[in-house]
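In each ligand, atom 1 is the first atom listed, and ligand 1 is the first ligand listed. Residue numbers count from 1 along this sequence.
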Amino acid sequence: MSAALLCINIDHIATLRQARGGVYPDPVEGALLCERSGCDGITVHLREDRRHIQDRDVFALKEIVKGKFNLEMALSDEIIKIAAEVKPDQITIVPEKREELTTEGGLDVGKNTKKIIESINLFHSLNIAVSLFIEPDEKVIELSKKCGADYIEIHTGTYCNAVQKEEINKEIDRIYNAANHALKIGIKVNAGHGLNYSNLKPVLKTPGLEELNIGHSIISRAVFVGLPEAVKEMLKIIK
Ligand code: PXP
C-alpha cells in the first residue's frame, strides 16, 4: 500500500485573516503554496458561523486547487446548498456546535441517519465522494456503510489527547480495529484531527489508510519555518 495522501486543512490561515477582518493572509495563496510544496490536496471547513473560511474562499479554492479538494461541513441546509454549487471532490460531513473551539467528537450517525442518507444521495448525484467523520466504533462504521458513505474519517482526537502510555496504546488499537472493520465491510479509511509532527507515526500504520487531514499543527509550524518547509517536514514523516 502506498503512503497516505496528505490533505492540508488551511482553515487557520483564514483564522488569522479574520482576526483583523482584512484580506491577508489569503487561504487561496496558502493552498497554492501547500500544493507547490508537495501535498496531495486541500481541506477547508465552512462553518455555519463563518469564523474562518468564508463562502468566497470555497468558490475560489474550487478553481485553483489541483489535487483533491475536500470540504468539511455540517448538515445545515444553507451549507448543503453552497456545497452543491461548489462541487468539491469530496465532502466530509462533521458535527458542529457553535460554541466549540474545534470539531469535538464524531458524527452521531444513528441520530441523523435520514438527513445523512438524503445528503449522500444528493452529493453522489453531483459526483462528489462523501466521507463521514466518526469515532473509531464498529457500530458507527456499519451505519456509515448503510448510509452509503464512500469513506469514514476516523476521529483521531482522543488518541492525540491521550497522555499515559496505556491510554495511547488503547486508542491506537481502537483506530486500527476500526480501520480493519471498515476495510472488511468495504468502506475506505481516512483519518484526522489533532495530528502533529510527534504523534503521527503510529497513525501511519492504520490498515488501508488512504488520506490524512492535518491542519493546525502545520499552520502553527509555518509561523516559525514558513509554509513550504512546514509542509515538507510533514511529508517527510508520511512518505
Ligand atoms: N478532520 C476533520 C473532520 C476536522 O474537523 C478537522 C478540524 O477542522 C481536521 C481533520 C483537522 O484537524 P487539525 O486542525 O487538528 O489538524
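Remark: ligand 1 atoms within the under-4.0 Å shell around heavy atoms of Ile214 are 16 (O). Those atoms of ligand 1 that come under 4.0 Å of a heavy atom in Glu72, given as number and element, are 1 (N), 2 (C), 3 (C), 4 (C), 5 (O), 6 (C), 8 (O), 9 (C), 10 (C). Listed by number with element, the atoms of ligand 1 under 4.0 Å from a non-hydrogen atom of Glu153 are 1 (N), 2 (C), 3 (C), 10 (C). Within the listing of ligand 1, atoms 12 (O), 13 (P), 15 (O), 16 (O) sit less than 4.0 angstrom from a heavy atom of Gly194. Taking every non-hydrogen atom of Asn9 and a distance limit under 4.0 Å, the qualifying atoms of ligand 1 come out as 7 (C), 8 (O). The distance from ligand 1 to the heavy atoms of Val94 drops below 4.0 Å at these ligand atoms: 3 (C).
Taking each heavy atom of Lys87 and Lys62 in turn, the nearest pair found is O-NZ, 2.7 Å. Of all non-hydrogen atoms in Leu209 and Leu204, the two that sit nearest each other are CD2-CA, 4.3 Å.
The pair Lys139-Asp137 does not meet the salt-bridge criterion, since no charged nitrogen lies less than 4.0 angstrom from a carboxylate oxygen. Using a cutoff of 4.0 Å between basic side-chain nitrogens and carboxylate oxygens, Glu171 and Arg174 are scored as salt-bridged. Using a cut-off of 4.0 Å between Lys/Arg side-chain N and Asp/Glu carboxylate O, Arg51 and Asp11 are scored as not salt-bridged. Using a 4.0 Å cut-off between charged side-chain N and carboxylate O, Lys114 and Glu118 make a salt bridge.
For the residue pair Thr43/Asn9, the side-chain donor-acceptor check at 3.5 Å is not satisfied. The closest side-chain donor-acceptor pair between His52 and Asp57, if any, does not fall under 3.5 angstrom.
Between atom 12 (O) of ligand 1 and the options Glu211, Glu96, His12, His193, the minimum heavy-atom separation is to His193.
On a distance-only criterion, His216 and ligand 1 share at least one N/O pair closer than 3.5 Å. Taking distance alone, with nitrogen or oxygen atoms compared against 3.5 Å, Thr92 stays at or beyond that limit from ligand 1. Close N/O approach between Gly192 and ligand 1 is not found [any backbone or side-chain N/O within under 3.5 Å]. Considering backbone and side-chain N/O of Phe133, none are found under 3.5 Å from N/O of ligand 1.
The closest approach between any non-hydrogen atom of Ser217 and ligand 1 is not below 4.0 Å.
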